[in-house]
Every structure is written in structure tokens, then in C-alpha cells.
**Student:** 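Please see the structure below; I have some questions.
Values below: every heavy atom of this structure, side chains too, minus hydrogens, waters and symmetry copies. Residue numbers begin at 1 in each chain, while the letters A, B, ... track the order of the sequences.
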Number of protein chains: 2
Amino acid sequence: MSERSSERTVRADAQRNIETLVRTARDVFATSGVEAPMREIAEKAGVGVGTIYRNFPQRSDLIAAVFRSEVDACADAATSLAEAFPPGEALDRWMQRYVDFIVAKRGLAAALHSGDPAFEALPAYFDSRFEPALQRLLDAAVTAGEIRPDANPYDLLRAVASLCMPSSNGDPSAARRLVALLVDGLRYRASGPQDTSVSPLHEHDQMPSKSSHPD
Amino acid sequence: MSERSSERTVRADAQRNIETLVRTARDVFATSGVEAPMREIAEKAGVGVGTIYRNFPQRSDLIAAVFRSEVDACADAATSLAEAFPPGEALDRWMQRYVDFIVAKRGLAAALHSGDPAFEALPAYFDSRFEPALQRLLDAAVTAGEIRPDANPYDLLRAVASLCMPSSNGDPSAARRLVALLVDGLRYRASGPQDTSVSPLHEHDQMPSKSSHPD
DNA sequence: CTCTATACGGAACAACGTTCCGTTTAACAA
DNA sequence: TTGTTAAACGGAACGTTGTTCCGTATAGAG
């Protein structure tokens with residue numbers, strides 16, 4: 001074994017299977033729901049069920065792995081967007097990306113509250129990835145004078161998640177509009193180049209009177 | 001069979017079993033969670049599983065029946081409390097009763113978002129029972145000059161539910177205090193005996209003396 | 001190449017939701 | 001009361017699930 005003493009040797013096929021499994025499970029959960037049978041995932045991934053259970057001792061471990069992987073993908077998108085677009089647009093685009101994440105992962109989010117100990121660390125992971133990511137986008141937009149300086153990422157993440165919940169309103173497109181409205185709200189009283197009509201999706205002046213937090 | 005045209009003949013033992021089952025299922029769900037096996041419920045109720053499935057063709061139907069029954073109990077409590085206490089105190093007590101309901105039924109609430117068609121009508125039932133119940137309590141308190149007139153039951157119900165959710169904060173006693181604070185907020189600018197002291201945390205320390213430690 | 005720790009596949013097991021059917025019984029008529 | 005019958009009963013049996021087990025295959029070191 002020529003590996004570092006601090007790291008276990010992982011056989012290449014095993015590593016490949018782990019990645020394939022998480023990807024396959026993500027797709028199967030998206031089409032068949034989180035309660036899709038393990039056998040279906042194993043079959044679609046081209047492995048036996050034993051292979052799943054060696055890497056993910058419980059079903060919930062696989063779900064948690066998928067969740068973490070999707071959180072990573074969404075958080076990493078913040079970096080890419082920040083490099084590819086000016087601060088304000090990067091913020092816009094990431095918020096809509098985050099809406100997609102929340103809407104797509106509603107099924108998983110419901111499972112999070114099931115009390116399974118495998119999910120206990122996920123909310124903290126969620127925050128640890130999303131808060132800094134959004135903070136950086138906000139800071140950049142503030143520095144560019146595109147938004148006001150008093151927004152905090154925690155509240156924004158929670159507010160958007162609330163707006164996307166079915167108890168708030170079941171329609172995803174409504175959620176997108178409301179979130180766009182929310183982000184436009186950040187532009188009010190920005191310090192930079194004064195531009196009163198900013199957002200691309202700006203044809204509705206209905207403000208949510210009170211921000212409740214359903215669900 | 002001599003049956004009334006509008007009403008089906010229901011054998012007495014069947015009726016008894018239905019009631020026993022809903023009561024038993026409520027208790028089992030409370031102690032073992034919503035995913036408790038049907039066999040356990042059947043055994044504890046002293047019936048066979050067949051008896052459950054005749055009255056509740058699907059597992060989710062039994063869950064829905066328990067949910068409805070608990071909604072009824074909580075909504076009916078509003079009437080009893082309104083008769084037994086002055087309007088302001090009745091409102092206080094019912095809100096805490098409602099907190100108990102929300103906290104106890106978190107597990108069921110999570111199941112509601114599972115997409116099962118048996119649960120589709122439950123949110124509407126929830127509103128149809130709780131909104132009028134709370135409206136009556138609010139009206140009485142407004143008439144007595146104990147609270148301000150601009151509270152609406154829908155917002156209040158949603159707000160309290162949010163405060164009780166683990167994402168907001170996991171501690172039930174914190175939820176109770178926050179809800180008490182919320183209700184005290186309603187008293188600000190009431191028309192009746194003026195209370196200009198803004199300190200919202202009066203002696204509203206209804207300590208949860210119950211021995212139950214949920215979660 | 002050989003060797004072996006590691007990973008593999010899928011049959012087997014346990015526990016679940018649900019169905020089925022022979023047996024019991026409540027309710028009514030005589 | 002007794003006889004009759006539709007309704008309700010219990011619980012074995014069925015199909016599907018999560019999970020375990022173990023004989024087999026193979027990646028990687030020497």
C-alpha cells in the first residue's frame with residue numbers, strides 16, 4: 001500500500017460506484033420520490049443492493065448523501081455565477097437557482113423532519129454551505145452599490161424557503177416571482193448607480209404585507 | 001334490511017370499533033410515531049387487522065381520521081373555553097391548547113406533505129375548523145375591549161404554527177412563551193382598560209407544568 | 001504472474017401494508 | 001324466543017420492502 005497512512009485505500013471501482021450511486025439515487029428520487037425502493041436504485045445504477053448497503057449502511061444515509069451533494073452543487077454555483085456575471089445579476093441568478101433547489105428538494109426536506117438521526121446534521125450543513133455562499137454574493141453586490149447593505153443571508157434563505165413551501169402557495173412560478181420581488185426589495189435604497197426599474201421580472205407591484213413563516 | 005334512505009344501518013359493534021380504533025391509533029402514533037405498524041394498533045385495540053382495513057381501506061385513511069378527530073377536539077375546545085372563561089383568558093388558553101395540538105401533531109403534519117391523496121383535503125379541513133373557532137374568540141375579545149380589532153385568524157394560526165416548527169426553534173416551552181408574547185401583542189392598543197405599559201412579558205409565565213417532554 | 005484484502009451480486013430473511021376468506025354475530029321478522 | 005341473513009369479524013396468507021449474509025470476483029501490491 002503506497003497510500004498515506006492517514007487515508008484508507010479505496011479501491012477504484014468502489015469509488016466509482018459510490019459516485020454513480022449518489023447520481024442515480026438523485027435521479028430516481030426526483031422521478032419516483034424519496035420512498036423509491038433500494039432495488040430500483042441498485043438496478044438503475046447497475047449494481048447489487050449489497051453494494052449500496054456497504055457504502056450507505058441505512059437507506060437514510062443514501063438520502064443524506066444525495067442531499068449533501070445537491071447542497072454542494074447549489075452552493076458551488078454561487079462561485080461560478082460570481083465569476084461569470086456582475087454582482088447584481090449573479091445574485092439574481094443564484095436566488096433562482098436556490099429556488100430550484102428548494103422546490104426540487106421539497107420531498108427530501110419533508111424527510112428531514114422524520115426524526116431519523118441520519119438527518120440530524122443536515123440543517124447545520126445546509127446553513128454552513130449556503131450562508132457563506134450567499135453572504136459573498138451579497139457583499140459583492142453591496143460593494144458594487146447594487147443593493148442596500150442591511151440584508152442578512154440567514155433571513156433571506158429562510159424567507160425564500162418559506163415562499164417555496166406548498167402551504168404558502170403551491171405554484172412554483174408564483175414563488176419565483178415573489179423571490180424576484182424580494183431581491184428587488186434589496187435594491188431599494190441601494191447606494192450605487194440609481195436605477196429605479198431594475199429587475200427583469202418586474203411587472204407586479206404587489207408586496208407581501210407581512211412576512212409570515214408558514215411551515 | 002329496513003334502512004333509512006338517507007342513513008345506512010351501522011352495526012353497533014362496528015361503530016364501537018371505529019371509535020376505539022381512532023382513539024387507539026392516536027395514542028400509538030403519539031408514542032411510536034406515525035409509522036407504527038398496523039398490527040400494533042390492531043392488537044392494542046383488541047381487533048384484527050381486517051377490521052381496520054374494512055373501515056380504513058388504506059393506512060393513510062386511518063391517519064387522516066386521527067388528524068380530523070384531533071382537529072375537532074381542539075376546535076371544540078374553543079367553544080368550551082369561551083363558555084368557561086372571560087374572552088381574554090379564553091383566547092389565551094385556547095392559543096396554548098392550539099400550541100399543544102401543533103407540537104403533538106408535528107409528525108402527522110410531516111406526513112401531510114407526502115403527496116398521498118388521502119391527505120389532500122386535510123389542510124382545508126384544518127382551516128375550516130380553526131379559522132371560525134379562532135374568529136369567534138377574537139370577536140368576543142374585541143367586543144370586550146380586551147384586544148385590538150385588527151387581528152385576523154388566518155395569520156395568527158400560521159404564525160403560531162411557524163413558531164412551533166423545529167426550524168424556527170426546537171424548544172416547545174420557547175414556543176409557548178413566544179405565542180404568549182404574540183397574544184399579548186394583540187392587547188396593545190386595545191380599546192378597553194388601557195394598558196400603556198409596553199413590556200410584553202407581563203406575568204404571563206404559564207409554566208408548562210405537564211410532565212411530558214415531547215421530542 | 002500470484003496472492004489476498006476488498007468489493008461485488010443477489011438469494012435469503014424479517015417486517016411491513018394489504019387482501020382474502022371461513023367464521024362469528026348483531027339486528028330484524030315471526 | 002328462535003331462525004335467518006347481511007354485516008362484521010379475526011388472522012393466515014400474499015406481495016413488497018429494507019436489510020443481512022456469504023460465496024464469488026477482482027483490484028492492486030509484490
**Student:** Check the phosphate of D/dT26 against A/R11, side-chain N and O only, distance under 4.0 Å to OP1 or OP2. Yes or no?
**Tutor:** no
**Student:** Specify the separation, in whole Å, of atom CZ of A/R39 and atom P of C/dG10.
**Tutor:** 12 Å
**Student:** What verdict does the side chain to side chain donor-acceptor pair (under 3.5 Å) test give for A/D139 and A/Q135, after you've listed the backbone C-alpha separation in whole Å, the side-chain angles of each residue and the deciding distance to 0.1 Å?
**Tutor:** CA-CA 6 Å; A/D139 285 347; A/Q135 182 73 71; 3.1 Å; yes
**Student:** Measure from CD on A/E40 to C1' on C/dG10 and round the result to the nearest Å.
**Tutor:** 17 Å
**Student:** Find the distance A/I52:CD1 to D/dG18:C1' and express it as a whole number of Å.
**Tutor:** 11 Å
**Student:** Can you check salt bridge (Lys or Arg N to Asp or Glu O under 4.0 Å) on B/R59 and B/D116, steps first, answer last?
**Tutor:** CA-CA 11 Å; B/R59 173 194 176 72; B/D116 193 306; over 6 Å; no
**Student:** Using OP1 and OP2 only, check whether a side-chain N or O of B/Y53 sits under 4.0 Å from C/dT18.
**Tutor:** yes
**Student:** Could you check how far CZ of B/R16 sits from P of D/dA7, rounded to whole Å?
**Tutor:** 18 Å
**Student:** Here's a test of your reading of the structure: between A/A36 and A/G50, which maps to the more 5' nucleotide of DNA chain D?
**Tutor:** A/A36
**Student:** For B/F56 and C/dT19, give me the distance from atom CZ to atom P, rounded to whole Å.
**Tutor:** 15 Å
**Student:** For A/D13 and D/dG28, what is the distance between atoms CG and P respectively, to the nearest whole Å?
**Tutor:** 7 Å
**Student:** Between A/R187 and A/D184, does any NZ, NE, NH1 or NH2 come within less than 4.0 Å of an OD or OE carboxylate oxygen?
**Tutor:** yes
**Student:** If the cut-off is 4.0 Å, is A/T51 near the phosphate of C/dA7, judged by side-chain N/O to OP1 or OP2?
**Tutor:** no
**Student:** Is a donor from one side chain sitting under 3.5 angstrom from an acceptor on the other, for A/D61 and A/Y53?
**Tutor:** no
**Student:** Relative to the 5' end of DNA chain C, which residue comes earlier, B/Q58 or B/R54, by the nucleotide with the nearest heavy atom?
**Tutor:** B/Q58
**Student:** With the side chain of B/V49 defined as its heavy atoms from C-beta on, choose the nearest nucleotide among D/dT17, C/dT18, C/dC8.
**Tutor:** C/dT18
**Student:** Looking at A/K44 and A/D27, is any side-chain nitrogen of the basic one under 4.0 Å from a carboxylate oxygen of the acidic one?
**Tutor:** no
**Student:** When all nucleic acid strands are considered with a 4.0 Å heavy-atom cut-off, which category describes B/R59: base, sugar-phosphate, or nothing?
**Tutor:** sugar-phosphate
**Student:** Specify the separation, in whole Å, of atom CD of B/E35 and atom C1' of D/dG18.
**Tutor:** 14 Å
**Student:** In terms of the nearest nucleotide of DNA chain C, which residue is placed more toward the 5' end: A/A14 or B/M38?
**Tutor:** A/A14
**Student:** To the nearest Å, how far apart are B/I41 CD1 and C/dT18 P?
**Tutor:** 11 Å
**Student:** Choose from D/dT19, C/dA27, C/dC8 the nucleotide whose nearest atom is closest to any side-chain atom of A/N55.
**Tutor:** C/dC8
**Student:** Below 4.0 angstrom from OP1 or OP2 of C/dA7, is there any side-chain N or O of A/N17?
**Tutor:** no
